[in-house]
Structure formats: C-alpha cells, structure tokens
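Notes follow once the structure below has been shown.
Read the numbers this way: they start at 1 and go in the same order the structure lists the ligands and their atoms. The shown structure was predicted, so the numbers you read here are calculated from the model rather than taken from an experiment.
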Amino acid sequence: MAFISLRQLLDHAAEFNYGVPAFNINNLEQIQAIMEAAEKTRSPVILQASAGARKYAGEPYLRHMVLAAVETHPHIPVVLHQDHGASPAVCTQSIRSGFTSVMMDGSLREDAKTPASYDYNVDVTHKVCEIAHAIGVSVEGELGCLGSLESGQAGEEDGVGAEGVLTHDMMLTDPAQAKDFVARTGVDALAIAIGTSHGAYKFTREPSGDILDIDRIAAIHEAVPNTHLVMHGSSSVPQEWLAIIREHGGDLRETFGVPVEEIQRGIRSGVRKVNIDTDIRLAMTGAMRRSFAKDPSEFDPRKALIAAKNAARDLCAQRFEAFGCSGHADRIKPVPLELMVKRYH
Ligand code: 13P
C-alpha cells in the first residue's frame, strides 16, 4: 500500500522543484480519472476530500474507494488529505479514518464563514499539529482569507468561505506573520492568500498583478523556506470547457481562472501543492452535457460517466505534466507514518 504523508511528498517536490496538484474527490469516476492520469504520467497523487465530499459520498465510501485506488495502482504514492478542516475535532476524525494529512483551516471560525482572529488560528492549528504529528500525519494551515481582490468577496464554495466583504489585508498573507505562524504552530504546509478564490467565478478578466499577487509567493517562501506553500483556488477555468457547457444548454457567465503559466510561476517561487476542484467539475459537466446531447436516446448513464471520467483524466494528466510532477512516482520510496513521527521530535 503506497500511502504516504504530505510532508514526505512535498519535501520531495521541494528537493526536485516541482508542484503537485491536489485534486478534490467526491465519487468513483473522479478517483479513477485522477489515478489513471497519475498512472499514465507516473506522478505521485494527492487526493483531497472536503466536508462537502464527506457529506455527499459518506466517509466509509470515500475511504474504501481510496483504498481501492491504492490497491489498483500499487506503485503510485498517494496522500489522502482532508481539505479545509473546520475544527480540531474534524481533523481528529479524519486522522482516525486513515487520512495521512489534514488541513486545519483556522483562518475561519468553526462555522467555516466567520474570519477568525490570528490567536484563534494559532491555537487550533497548533493543537492539530500536536495530535497529527504524534502519529506522523502532516498538517496544512491557512493564513489569510481566500478571496477576490477584485470584489473583496470570498464567495462560499462547497460550504467554506468567509461571509461579507474582506479588506485587502485579510486577503493577502503577510510574510512576517507567516514566519511567526509557522514557528508557533509547526505546520508542514501553509495555504496562502494571494487573490485566488474557490469556484468558477474568480476573475472577470484575465488576471494581472493587481488581482493575482504571484510576486508575494517569493517573499512568503523566503520567510518560511522549510514550510511548503499551498495555492488554493487554482483552477484555470478552461475557456474551451465553458464553451462546451454553454453549447449544450449550460448557463455560465463570463469568467476567468488562474492561468497555468501563473501557477508555473508560483511553483518556481515556492508553491508545492496546487488545489484543483473546479476544473474537474467543469470538464465532467461539459463532457456529460455533450454526451447526453449527442445521443438523446441513450439511457445508460455509464456512457456519460465514462465521457466525464475521460475528460477529467485528460485534464489531470495535463496538470501533472505542466507542474513538473510526471515521472516522480517511481522516485519516491514510501516512508511509513510511524517513521515520519521521528521527523517532528
Ligand atoms: P478551485 O475551486 O479553484 O478548483 O479550488 C479548489 C480548492 O482550493 C480546494 O481547496
């Protein structure tokens, strides 16, 4: 079984200067798509499940589908990561259920809506690090609230997102504070705010420096060189998939995501984990709409689901390649979590 910790994977990524896409999972076809893309490109994998995924599929289904993925692809190292844990209790439950990495998102209070104080964030994140590191599980924290620098809105997505209008200060991670946060919590990875947000509606135009602050990544990386930086809200919102969705009855307004070249620039500046959910959802929705439209007499949902899986697989393979992840699966020798414990003492 090739489960590994996020710490091990991102240490490797830092050593060899690549980034790892962290894809959100909710169902069978998404997991198969990601694993097939990883197999094809020989890439290590981060599968991440949010509270929304656990609500949709149920924790036992997710756990068993991921076990099936690892059994089917024994040579692909897999990190099972919990996305946006709202409290130490949620993180502890995920650790118990076999996750090898958890995110404690203390930038928001437990309701996943109200921006939290810095002290609250330090307190809950430190607590989770103590619990997780005792058994070799990695921890991602978040500093700064994800939100659009264009509108000041965080925008709720899948149950997570600050409510109301945020100031620029809240939406941009401060390098000096990042240094203090890492020293006080001991996180392995840090999600930073640089103007990205979750979901399909990130920017109303191709993003430039005033609304997507890629330059800030280098300053944060310099302040916390041994902590792996995480870019949330990193879907590129492919225009070709928006067009396919619209051509087949969908109604999505004009929108832009984070261009792949900007993510590559982020990776060169120190980003190691790149969170992607929306792009998979867009590709699958587009492929299913097209499949149903092409053959209205078809009544077997597997036809549309296979089209969706293939579309997601191709998208994931492109991201593995673009982030420099390809080929690294075979270069990682899985370290059991029990041995990762030593790293923290
Ligand atoms: P996207 O909505 O841009 O795919 O971001 C997903 C994410 O950051 C999950 O934590």
Side-chain angles (χ1 to χ4, degrees), residues 6 19-26 30 33-34 45-56 62 79-86 90-91 94 99 101-108 112 139-150 153-162 171 173 189-204 207 211-212 214 217 228-239 241-242 252 255-260 262-263 266 271-286 311-312 315-316 318-320 322-323:
L6 185 71
V20 188
F23 295 119
N24 283 77
I25 54 165
N26 295 272
Q30 289 174 337
I34 297 160
V45 166
I46 303 171
L47 300 176
Q48 59 183 12
S50 63
R54 289 194 292 274
K55 196 167 159 201
Y56 172 77
L62 282 175
V79 174
L80 177 56
H81 176 78
Q82 175 211 261
D83 195 20
H84 291 287
V90 168
C91 294
S94 293
F99 284 61
S101 177
V102 290
M103 176 184 191
M104 175 65 239
D105 182 358
S107 72
L108 301 174
V139 180
E140 174 183 332
E142 174 161 331
L143 193 56
C145 288
L146 292 181
S148 160
L149 292 171
E150 253 183 311
Q153 296 287 339
E156 185 261 282
E157 188 66 30
D158 215 10
V160 176
M171 287 186 292
T173 302
L190 183 65
I192 54 172
I194 54 165
T196 63
S197 54
H198 293 136
Y201 298 105
K202 300 183 193 306
F203 306 109
T204 60
I211 52 173
L212 176 62
I214 294 284
I217 296 169
H228 302 299
L229 302 185
V230 183
M231 236 173 109
H232 280 244
S234 297
S235 277
S236 304
V237 188
Q239 295 298 313
W241 280 116
L242 292 180
L252 294 179
T255 176
F256 296 88
V258 185
V260 169
E262 293 298 312
I263 299 173
V271 165
R272 298 292 156 229
K273 175 172 179 276
V274 183
N275 283 16
I276 297 174
D277 182 5
T278 299
D279 279 355
I280 291 183
R281 295 192 279 172
L282 289 171
M284 292 180 85
T285 294
L315 185 131
C316 294
Q318 285 167 14
R319 298 295 182 269
F320 281 130
F323 302 166

Query raised in the report: Can Met231 be said to touch ligand 1, with heavy atoms closer than 4.0 Å?
Result: no

Query raised in the report: Where is the tightest heavy-atom contact between Ile192 and Ile217, given as atom of each residue plus distance?
Result: CD1-CG1, 3.9 Å

Query raised in the report: Are His84 and ligand 1 in contact, using a heavy-atom cut-off of under 4.0 Å?
Result: yes

Query raised in the report: In the protein, what heavy atom is nearest to atom 3 (O) of ligand 1, and what distance, to one decimal place, separates them?
Result: Lys202 NZ, 2.5 Å

Query raised in the report: Can you find an N or O of Asn24 that's nearer than 3.5 Å to an N or O of ligand 1?
Result: no

**Report entry** Region of Ala200 that comes within reach of ligand 1 [heavy atoms, distance under 4.0 Å]
**Finding:** neither

Query raised in the report: What protein heavy atom is closest to atom 10 (O) of ligand 1, reported as residue, atom name and distance in Å?
Result: Asp83 OD2, 2.8 Å

Query raised in the report: Which residue holds the protein heavy atom closest to atom 2 (O) of ligand 1, what is that atom called, and what is the gap in Å?
Result: Thr278 OG1, 2.6 Å

Query - Residue pair Ala283 / Ala311: nearest heavy atoms and the distance that separates them - result: O-CB, 3.7 Å

Query - Polar atom proximity, Asp277 to ligand 1 (N or O, under 3.5 Å) - result: yes

Query raised in the report: Are the side chain of Glu140 and the backbone N or O of Leu229 linked by a donor-acceptor pair below 3.5 Å?
Result: no

Query raised in the report: Nearest protein heavy atom to atom 8 (O) of ligand 1, by residue and atom, and its distance?
Result: Gly233 N, 2.7 Å

Query raised in the report: N/O to N/O below 3.5 Å, does that happen between Ile276 and ligand 1?
Result: no

Report task. Could you tell me whether the side chain of Ile214 reaches within less than 4.5 Å of the side chain of Met231, counting heavy atoms only? Result -> yes

Query raised in the report: Below 4.5 Å, heavy atoms only, C-beta onward: do Ser94 and Arg54 meet side chain to side chain?
Result: yes

Report task. For atom 7 (C) of ligand 1, find the nearest protein heavy atom and state the residue, atom name and distance (0.1 Å precision). Result -> His198 CD2, 3.2 Å

Query raised in the report: Hey, which atoms in ligand 1 end up nearer than 4.0 Å to a heavy atom of His232?
Result: 8 (O), 10 (O)

